[in-house]
Amino acid sequence: MRVVIVGAGQAGAALAAKLRVLGHTGEIVMLGDEPAPPYQRPPLSKAYLLGEMEEDRLWLRAPEFWAEQGVELRLGQAVTGIDPTAKTVTVGGEALDYDHLALTTGSTPRRLSAAIGGALQGVYTVRTLADVDAMRDEFQPGRRVIIVGGGYIGLEAAAVASKLGLDVTVLEMAPRVLQRVAAPETSDYVRALHQAHGVKVLESTGLNRLVGDDRVEGALLTDGRQLPADFVIVGVGITPNTHLAEQAGLALDNGIATDELGRTSDPAIWSAGDCASFPWKGGRIRLESVGNAIDQAEAVAANILGAGAPYEAKPWFWSDQYDLKLQIAGLNIGYDHVVSRKGEGDAVSFWYYRGAQLLAVDAMNDSRAYMVGKRLIEMGKSPAPQVIETATDLKPLLKG
């Protein structure tokens with residue numbers, strides 16, 4: 001049985017490795033459009049951009065691992081089509097047969113349109129190794145960078161730029177940074193952190209357009225102000241890569257729609273990672289995280305081999321900014337109140353509740369609160385909010 005995996009990122013690599021762990025002895029072919037072997041993306045906007053990590057330390061596995069495991073890696077080759085009837089994918093002009101096909105195609109950063117200056121030189125996104133390599137020389141002390149978007153990617157890039165001595169401005173169209181993903185308490189904490197490092201955070205501030213002839217020279221804001229810039233980083237979210245799935249006639253719903261096993265509307269085609277949506281608590285979600293990419297891909301590997309086990313997501317995320325380690329457990333969708341808890345030193349955590357139900361935890365430099373919160377959420381336990389606020393030790397809550 002030949003399994004072909006389209007996408008050589010975190011999910012694709014996890015799926016291929018898990019197939020071998022589970023005893024699959026048939027062919028595995030992993031197709032990637034980037035020239036680099038499968039690598040981890042989170043350090044790109046942190047340690048790699050800072051120059052604290054070499055490229056080979058980004059690699060998920062040493063290149064020889066894939067050969068030893070009998071996984072055929074075809075890198076730097078984009079898949080141009082899928083024929084579900086013939087059960088083939090087209091890559092490099094060749095039609096490659098599959099018995100099972102897994103789409104781990106990931107996502108693409110949203111870009112600013114050319115009409116508002118998005119195509120000017122000096123305008124970057126942060127997603128791939130090539131993206132970061134292209135912008136690294138821009139990070140010189142004293143230069144001015146405007147970051148469009150106050151989400152995690154933008155704020156991580158802002159932290160790196162500030163550490164390297166640049167003049168940094170973050171533009172956020174919403175009333176607060178991280179508004180889409182976090183409570184006001186977390187936004188306030190992170191905003192204050194950046195301001196303490198000299199970053200100018202402009203909230204409720206829209207971008208009219210970037211200005212410059214061939215290269216970006218500044219940004220015209222919707223309030224009429226114009227800010228100078230030596231370069232610009234755009235961090236305004238990502239879009240799941242669904243074009244191959246759409247061309248193949250697969251069902252789409254906020255990404256490539258899969259069932260609880262990770263199977264698409266075609267029984268021989270599966271999907272996992274940023275590009276895939278799946279059933280969750282009576283609805284459907286798509287998670288953009290390393291944890292989900294690995295766990296979902298490993299579940300799909302087992303189900304390709306006949307396990308028939310539904311994927312049960314246990315969402316978790318993290319972000320590193322300056323000396324802050326922000327760890328997040330659960331999903332705060334539908335929360336109606338937040339409980340704050342002071343930890344040791346500068347540690348603090350924010351606990352999201354819907355009524356009496358604990359949904360999620362944001363922990364700032366508080367790994368203990370994160371670990372306990374994560375376990376409680378996964379166990380379906382919801383301590384009373386006042387207990388979270390007043391308990392001297394959280395660990396006993398796991399036994400209660």
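Just so it is clear, the model here is predicted, and its values are computed rather than measured.
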Margin query: Can you tell whether the side chains of E288 and R286 come within less than 4.0 Å, N to carboxylate O?
Written below: yes
Next item on the list: For Y39 and R41, test the side chains for any donor-to-acceptor distance below 3.5 angstrom and give the result as yes or no.
Entry: yes
Check: Can you tell me if R144 uses its side chain to pair, donor with acceptor, with the backbone of G218 under 3.5 Å?
Finding: no
Next item on the list: Quick one: sort the Y353 and H337 rings into parallel, tilted or perpendicular, breaks at 30° and 60°.
Entry: parallel
Check: Cationic tip of R136 within the cone over Y48's six-membered ring, i.e. under 6.0 Å and within 45° of the normal?
Finding: yes
Checklist line | Check: S277/N254 side-chain N/O donor and acceptor closer than 3.5 Å | finding: no
Notebook entry, point to check: Can you tell me if N292 and Y311 form a side-chain donor-acceptor pair at under 3.5 Å?
Noted result: yes
Notebook entry, point to check: Can R225 and D223 be counted as an ion pair, charged N to O under 4.0 angstrom?
Noted result: yes
Margin query: Test your reading of the model: is there a side-chain donor-acceptor pair from S107 to the backbone of C275, 3.5 Å cut-off?
Written below: no
Note to self: Please check this pair: side chain of D83 against backbone of T88, looking for a donor-acceptor N/O pair closer than 3.5 Å.
What the structure shows: no
Note to self: Closer than 3.5 angstrom, by distance alone: can the side chain of R368 be matched with the main-chain N or O of D393 as a donor-acceptor pair?
What the structure shows: no
Check: Between R354 and L358, is there a donor-acceptor pair closer than 3.5 Å when you use the side chain of the first and the backbone of the second?
Finding: no
